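Note: hydrogens, waters and symmetry copies are ignored here, and every other heavy atom, side chains too, is used. As the structure lists them, so they are numbered: ligands from 1, and atoms in each ligand from 1. Keep in mind the model is a prediction, meaning the values are calculated, not measured.
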Amino acid sequence: MKKLVILISGRGSNLQALLEAKLPCRIAAVISNRADAEGLDIAKTHGIPVAVVEHGNYADRDSFDTALAQTIDVFNPDIVALAGFMRILSTGFVARYHGRLINIHPSLLPAYGGLNTHARALHDGVRIHGCTVHFVTPDLDHGPIIIQAAVPVLHDDTEQTLAARVLNEEHRIYPQAISWLCQGQIKLSGQGRVILLYRKQAGYALVSPSLE
Ligand code: GRF
């Protein structure tokens, strides 16, 4: 069975969704860059080994990334999943885990990379927003996309209501993406596109607001 290491920095709701999803792989460890990340308690409750690599203890990004990689490699994972991991990773780190390092981002990439995605979507008045699971590349929030979920933006949405609608979908698509990866159903094309093997895709549209 393939092994998964999950990196977190905070709340851990995606971690929880992954723990509850009965993935076809073993969650070997949860690693945080913050000792006070709530997600560490969620992992412990599920009997998952945890480790902390405090970024504040390292002089620069490269030394932190080296220590983080050493900690990850103890568990010899096939896949490393960022789940609310709030550190930018160096090119060397990303290269080390090429093709097996994935992230979940709360927007329909390539729109709204970076922070405050829900506030920015509301500000722009978009009618459709969502979330994305993608491979991590050195280009922040720009790696090959594995799966996305789109949600409508409602006229009376606040940042909180929109965030909650998106988060709900995050908890559905991240386990799906990881299951595909664990089962060898995902291939990266030479052009950096993700090919989903053995699966036909329905071709329907999400229209928001819906048509009459
Ligand atoms: C999620 O919205 C995720 O997309 C983003 O950070 C947030 C983490 O939330 N990268 P949680 O810690 O999984 O609850």
Check this for me - ligand 1, [X], N or O atoms closer than 3.5 angstrom, yes or no?
| X | result |
| --- | --- |
| Ala83 | no |
| Asn103 | no |
| Leu167 | no |

Min side-chain heavy-atom separation [X]-[Y] under 4.5 Å:
| X | Y | result |
| --- | --- | --- |
| Ile8 | Ile42 | no |
| Ser107 | His129 | yes |
| Ile6 | Asn14 | no |
| Asp73 | Arg96 | yes |
| Leu196 | Ile186 | yes |

Would you mind listing which atoms of ligand 1 come within a distance below 4.0 Å of any non-hydrogen atom of Arg11?
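Listed by number with element, the hits are 9 (O), 11 (P), 12 (O), 14 (O).
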Quick one: which ligand 1 atoms are inside 4.0 Å of a heavy atom on Ile104?
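So the answer, numbered in order with elements, is 3 (C), 4 (O), 5 (C), 10 (N).
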Location of contacts on Met86 toward ligand 1, heavy atoms closer than 4.0 Å
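Neither part.
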Considering only non-hydrogen protein atoms, determine which one is nearest to atom 12 (O) of ligand 1 and report residue, atom name and distance to 0.1 Å.
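Scanning the protein heavy atoms, the shortest distance from atom 12 (O) of ligand 1 goes to Gly12 N, 2.8 Å.
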Tell me, which protein residue and heavy-atom name are nearest atom 3 (C) of ligand 1, and how many Å apart are they?
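Going by distance alone, atom 3 (C) of ligand 1 is nearest to Glu170 OE1, 3.2 Å.
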With the threshold set at under 4.0 angstrom, would you say Gly39 reaches ligand 1 through any of its heavy atoms?
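No, that is not the case, since the closest heavy atom of the residue is not under 4.0 Å from the ligand.
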Begin from the C-alpha positions of His105 and His134 and carry the test side-chain hydrogen bond (donor to acceptor under 3.5 Å, both in side chains) through to its verdict.
CA-CA 8 Å; His105 182 78; His134 64 99; 5.6 Å; no
Just going by heavy-atom distances, which of Ser9, Ser13, Gly84 is nearest to atom 14 (O) of ligand 1?
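Considering heavy atoms of Ser9, Ser13, Gly84, the nearest to atom 14 (O) of ligand 1 sits in Ser13.
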About how many Å separate CZ of Phe85 and CD1 of Ile31, when rounded to the nearest 0.5 Å?
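Here the rounded value is 8.5 Å.
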